Amino acid sequence: MSVFGAVFVDCHLTTSRALTLTIQGSKIGANILAKVSTETPSIGGGDTDPVTYWVFLGAVRVTVRETSLEVVQGDSVTLPCSFLTAIPLVRLSIIWTLTPLFDPDSPTQVIVYDQGQVIESPAFTGRVEFADMPWSADVILNDTRVSDAGIYRCVVSNPPETGDPGIGELSLSVLAPPSLPVCLWEGDTDAGGSVTLSCAVVEGVPTPQMSWEKLEPEQITLPVNMEGELMGSVKIVNVSAQNSGVYRCSVTNVLGTQNCYVNLSVYIPPDDSPGILQGVLLTLFMALVLLALLVLVLWLHRSAQESKWRYSREDEECYNEIRYTPSLIKRSFV
């Protein structure tokens, strides 16, 4: 009888020496404690060489060679699961499940082997396969994604073997470089205003470290106000010409660095103080000129009026003199 795990083996050595197994056992709970003795003829035909050992029969034993694995997003990884059983593998059942890190209360099936049939979960179709069925429960996960991270369980049962199914458990971490961040700015870029520079990244495992720097005219590191794990901002108050320049947001983890940039231009109103003074002086000068001209016009007008009035009186006096002269003359003749 050939049984996976090599508990019972019928075999003949190349020397044609027979291998005899003697089993004596008793049931302990759901298992059977068996005493296995072997007797083989010694070389030369002498006495036999007995070998005795004890084994448990009746329950599937599952072993996970590694309990914690890491893989880079997009690569392949083998999830190990070995089992030991004392029953032929006719009704063997293997179920792999995943408990996601982001939703620990909702485990999902990954792949199932049931009496020769393999069923893949829709989320893993084309990406998961058994490595060496039915002799191993190892599975190969291809084109890994960040969503594949979590706790994987390998559940093996082999009826009519008694006892609970064997269970193995391991954790998988899927590393991912930072995604390209998005840089934005908002606020008042006029001198004296306030501006907020923000930077957001969608993905990165482990969580990327974020930094803000001003690159021109000299590189200056700025304090970052983190808003959660994947967003950070810098606030600049009372902006001036010195705040103009190129700003860079960098997100970094063990797999790489990504950057985005903001070109900030602070508007500085032109300095019109000398021009304003000149304008005021020119206005005053023109006002004085106009005032002088007005005074001159008034004076000329008044002078003209006075001259006209004086000439008019002189003419009137002269006319009166001429008018009354005959009468005087007339009187002189009387």
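Just so it is clear, the model here is predicted, and its values are computed rather than measured. Hydrogens, waters and symmetry mates play no part in the numbers below; they use all other heavy atoms, side chains included. When a residue number appears, it is its place in the shown sequence, counting from 1.
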Can you find a side-chain donor-acceptor pair between Ser233 and Glu227 that sits under 3.5 Å?
-> yes

For residues Cys81 and Trp96, determine if any side-chain heavy atom of one lies less than 4.5 Å from a side-chain heavy atom of the other.
-> yes

Does atom CZ of Phe285 have more than 12 heavy-atom neighbours from other groups under 6.0 Å away?
-> no

Sub-4.5 Å side-chain heavy-atom contact between Ser211 and Thr221 | no

Is there a side-chain contact between Val62 and Ile167, using heavy atoms and a 4.5 Å cut-off?
-> no

If you measure from the SG of Cys260 to the SG of Cys183, is it under 2.5 Å?
-> yes

Please examine the side chains of Leu172 and Val71, heavy atoms only from C-beta on, and report whether any two atoms are closer than 4.5 Å.
-> yes

Report whether Ile95 and Phe83 are members of the same hydrophobic cluster (ILVMFWY, side-chain heavy atoms less than 4.5 Å apart, transitive linking).
-> no

Compare all side-chain heavy atoms of Thr252 with those of Pro208 and state whether any distance is below 4.5 angstrom.
-> no

Mind checking whether Leu170 and Pro80 have side chains closer than 4.5 Å, heavy atoms only?
-> yes

Val266 and Ser244: which non-hydrogen atoms are nearest, and at how many Å?
-> N-OG, 2.9 Å

Decide yes or no for Lys214 and Leu264: does some side-chain heavy atom of the first lie under 4.5 Å from some side-chain heavy atom of the second?
-> no

Considering the options Asp148, Asn142, Asp143, which one meets the side-chain hydrogen bond (donor to acceptor under 3.5 Å, both in side chains) requirement together with Arg127?
-> Asp148

